[in-house]
Asks: 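This is the structure I want to talk about, given as structure tokens.
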Amino acid sequence: MDTVSYAKSIFEKCLQILKEREKYNGVLERTTDIFNEVTNNDMKVDEAYLFLALMKLERLKNEKSIDSFIDMINYFVLYSKTFIENP
């Protein structure tokens, strides 16, 4: 499989998962609020998405999983969306 076809298949899987998880819209925002209340921290939603993406990256170092790779991409997409929409 050539690189472009491979990339297309990965991004199609990413989009499929993002669509399936749209029903969870707002969950990380609420979870971040609860986390901040419990820990007396001031974590922002974009930081939470970045944390999750980096956690998947760390997992990929030891476990070569396409699912973790796709999750990481999606967390980076959600991370970038938060600061692009709210500069």
Side-chain angles (χ1 to χ4, degrees):
M1 177 183 293
D2 65 274
T3 304
V4 173
S5 296
Y6 179 73
K8 183 178 177 187
S9 72
I10 293 292
F11 290 125
E12 285 172 352
K13 289 177 186 177
C14 290
L15 288 171
Q16 177 187 0
I17 290 172
L18 284 172
K19 287 177 186 176
E20 290 171 4
R21 296 189 179 158
E22 278 184 339
K23 62 185 173 189
Y24 299 112
N25 190 27
V27 169
L28 192 62
E29 289 80 354
R30 293 188 300 276
T31 303
T32 303
D33 289 341
I34 293 168
F35 174 82
N36 288 333
E37 287 178 30
V38 170
T39 62
N40 201 29
N41 280 306
D42 189 27
M43 179 183 279
K44 308 288 187 273
V45 174
D46 64 324
E47 295 169 330
Y49 280 125
L50 179 59
F51 176 84
L52 291 169
L54 295 174
M55 183 180 69
K56 291 294 181 173
L57 181 61
E58 175 61 26
R59 181 177 289 170
L60 283 167
K61 287 172 38 182
N62 300 311
E63 172 190 320
K64 304 297 187 238
S65 161
I66 193 68
D67 292 334
S68 289
F69 182 70
I70 289 169
D71 286 345
M72 180 192 67
I73 292 169
N74 283 342
Y75 286 133
F76 275 124
V77 167
L78 294 165
Y79 166 67
S80 68
K81 185 176 182 279
T82 59
F83 65 79
I84 288 171
E85 288 181 348
N86 305 303

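For the numbers below, each heavy atom of this structure counts, side chains included, while hydrogens, waters and symmetry mates do not.
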Asks: I need the Asn36 CG to Asp42 CG distance, nearest 0.5 Å.
Replies: 6.0 Å

Asks: Take atom CG in Asn62; do more than 12 heavy atoms of anything else shown fall under 6.0 Å from it?
Replies: yes

Asks: Pair Lys61, Glu58 - check side chain to side chain contact (heavy atoms under 4.5 Å, CB included), show working.
Replies: CA-CA 5 Å; Lys61 287 172 38 182; Glu58 175 61 26; 3.0 Å; yes

Asks: Starting at CG of Leu54, measure out to CZ of Phe76 and round the result to the nearest 0.5 Å.
Replies: 5.0 Å

Asks: Distance from Leu60 atom CG to Met55 atom CE, nearest 0.5 Å?
Replies: 11.0 Å

Asks: Tell me whether Tyr79 is reachable from Leu57 by hopping between hydrophobic residues (I, L, V, M, F, W, Y) whose side-chain heavy atoms are closer than 4.5 Å.
Replies: yes

Asks: When rounded to the nearest 0.5 angstrom, what is the spacing between CG in Leu50 and OG1 in Thr82?
Replies: 9.0 Å

Asks: Assess, by modelled atom type and distance only, whether the side chains of Gln16 and Glu12 contain a donor and an acceptor separated by less than 3.5 Å.
Replies: no

Asks: Could you tell me the separation between the CG atom of Leu28 and the CZ atom of Phe35, rounded to the nearest 0.5 Å?
Replies: 11.0 Å

Asks: Looking only at non-hydrogen atoms, find the nearest pair between Val4 and Asp2 and report the distance.
Replies: N-OD2, 3.1 Å

Asks: Please give me the minimum heavy-atom distance between Met72 and Ala53, naming the atom from each residue.
Replies: CG-O, 3.6 Å

Asks: Same cluster for Tyr6 and Phe11 if Ile/Leu/Val/Met/Phe/Trp/Tyr side chains link at under 4.5 Å?
Replies: yes

Asks: Strictly below 4.0 Å, N to O, side chains only: are Arg21 and Asp71 in salt-bridge contact?
Replies: yes

Asks: Hydrophobic cluster membership, with links at side-chain heavy-atom distances under 4.5 Å among I/L/V/M/F/W/Y: are Ile84 and Val77 in one?
Replies: yes

Asks: Out of curiosity, does Ile66 fall in the hydrophobic cluster containing Tyr75 (side-chain heavy atoms, cut-off under 4.5 Å, transitive links)?
Replies: yes

Asks: Does NZ belonging to Lys19 count more than 12 external heavy atoms closer than 6.0 Å?
Replies: no

Asks: Look at the side-chain heavy atoms of Ile, Leu, Val, Met, Phe, Trp and Tyr, link any pair under 4.5 Å apart, and say whether Met1 and Ile10 land in one connected group.
Replies: yes

Asks: Could you state the interatomic distance from CD1 (Ile70) to NZ (Lys56), rounded to the nearest 0.5 Å?
Replies: 11.0 Å

